[in-house]
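The structure appears right after this line, and notes come after that.
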Amino acid sequence: MRLVGLLMAMLLTISFWGQADALMSVGVLGAGYNYGGQTTWGYGLEVETPILPIPMAKTCLEATYVPASGYSLMPVLLIARFSLPTLPIYLGAGAGAVIYNQSTAGFSAPTALNYNFFIGYENNFLALSSYFIQAGYEVMKIDYSISGVSASADFTGLSIKSGLRFGF
């Protein structure tokens, strides 16, 4: 009888032990960016660890690679997520850099700044594992030159990201 009670207590503890209890987590994600009526898709990785000491926030480093026809971009962001008490919803913001590349001869681009704001939903499905979906607004403006001629690319628009997070 004691063994059954001990097993029940362990199962109950594991079922309430969520990804929020992890010291560090790694997430894999897919992302869609919509700007100027055009949608591009990418994939990425995020590492959540206490980078910045912000009370009641989770901080993470996120990188997403977006290959497209004739160019690729990779936003790299430092993000803070704030969970709403007793709800699986979070709000967040991030800032970072965008690495932009074109297959055009004579292309050169400095790294541009990137900002985003988002709202998301996260739910645990196993101990230290969760799935999430978030919608946001990304600001990505890049000035570049091709053979000395200046131009700009504006990838500002809506974004949707979804994936899995695994804590340890």
Quick check for you: to the nearest 0.5 Å, what is the distance between [X] atom [atom1] and [Y] atom [atom2]?
{"X": "Leu126", "Y": "Tyr131", "atom1": "CG", "atom2": "OH", "answer": "11.5 Å"}
{"X": "Leu77", "Y": "Leu61", "atom1": "CG", "atom2": "CG", "answer": "8.5 Å"}
{"X": "Tyr121", "Y": "Ser130", "atom1": "OH", "atom2": "OG", "answer": "10.5 Å"}
{"X": "Leu128", "Y": "Phe166", "atom1": "CG", "atom2": "CZ", "answer": "11.0 Å"}
{"X": "Leu84", "Y": "Leu91", "atom1": "CG", "atom2": "CG", "answer": "5.0 Å"}
{"X": "Lys58", "Y": "Arg165", "atom1": "NZ", "atom2": "CZ", "answer": "7.5 Å"}

Exercise for the section: Any pair with a residue in residues 83-96 that passes salt bridge (Lys or Arg N to Asp or Glu O under 4.0 Å), sequence neighbours left out, goes on the list, sorted by first then second residue, please. Expected result: none
Fill in the blank from the handout: So salt bridge (Lys or Arg N to Asp or Glu O under 4.0 Å) across residues 126-139, not counting sequence neighbours, yields Glu138-Lys161
Are [Y] and [X] connected into the same hydrophobic cluster when the rule is that any two of I, L, V, M, F, W, Y join if their side-chain heavy atoms are below 4.5 Å apart?
{"X": "Tyr137", "Y": "Leu113", "value": "yes"}
{"X": "Leu73", "Y": "Ile146", "value": "yes"}
{"X": "Leu78", "Y": "Met56", "value": "no"}
{"X": "Val149", "Y": "Tyr144", "value": "no"}

If you take all heavy atoms of [X] and [Y], which pair is closest and at what distance?
{"X": "Gly120", "Y": "Gln134", "answer": "CA-CB, 3.7 Å"}
{"X": "Asn114", "Y": "Pro75", "answer": "ND2-CB, 3.0 Å"}
{"X": "Tyr115", "Y": "Ala95", "answer": "CD2-CB, 3.9 Å"}
{"X": "Pro67", "Y": "Ser72", "answer": "CA-CB, 4.2 Å"}
{"X": "Thr64", "Y": "Ala31", "answer": "CG2-CB, 3.8 Å"}

Exercise for the section: Return the orientation label for the Tyr100 and Phe107 ring planes: parallel under 30°, perpendicular over 60°, tilted otherwise. Expected result: perpendicular
Problem - Plane angle bin for Phe118 and Tyr90 - parallel if under 30°, tilted between 30 and 60°, otherwise perpendicular - result: perpendicular
Handout entry: Short N-O contact, Arg81 and Glu62, less than 4.0 angstrom
Key = no
Practice task
Might you work through the ring-ring contact (aromatic ring centres under 6.0 Å, His included) test for Tyr33 and Phe155, ending with a clear yes or no?
Solution key: CA-CA 8 Å; Tyr33 298 94; Phe155 296 100; 8.9 Å; no
Fill in the blank from the handout: Exactly one candidate in Leu158, Asp154, Thr40 meets side-chain contact (heavy atoms from CB on, under 4.5 Å) with Tyr35; the answer is Thr40
Handout entry: Side-chain donor/acceptor of Ser162 to backbone N/O of Phe132, under 3.5 Å
Key = yes
Practice task
Return yes if some donor-acceptor pair links the side-chain N/O of Thr49 with the main-chain N/O of Ser25 below 3.5 Å, else return no.
Solution key: no
Exercise for the section: Carefully, step by step, assess Tyr43 and Val28 under the rule side chain to side chain contact (heavy atoms under 4.5 Å, CB included). Expected result: CA-CA 8 Å; Tyr43 49 90; Val28 291; over 6 Å; no
Problem - Crowding at CZ, Phe82 (>12 non-hydrogen neighbours, <6.0 Å) - result: yes
Problem - Neighbour count above 12 (heavy atom, 6.0 Å) for Ile160 CD1 - result: no
Fill in the blank from the handout: Residues passing the side-chain hydrogen bond (donor to acceptor under 3.5 Å, both in side chains) test with Ser108, sequence neighbours excluded, are Ser145
Exercise for the section: With the side chain counted from C-beta on, respond yes when Thr104 and Tyr71 share a heavy-atom pair under 4.5 Å apart, and no when they do not. Expected result: no
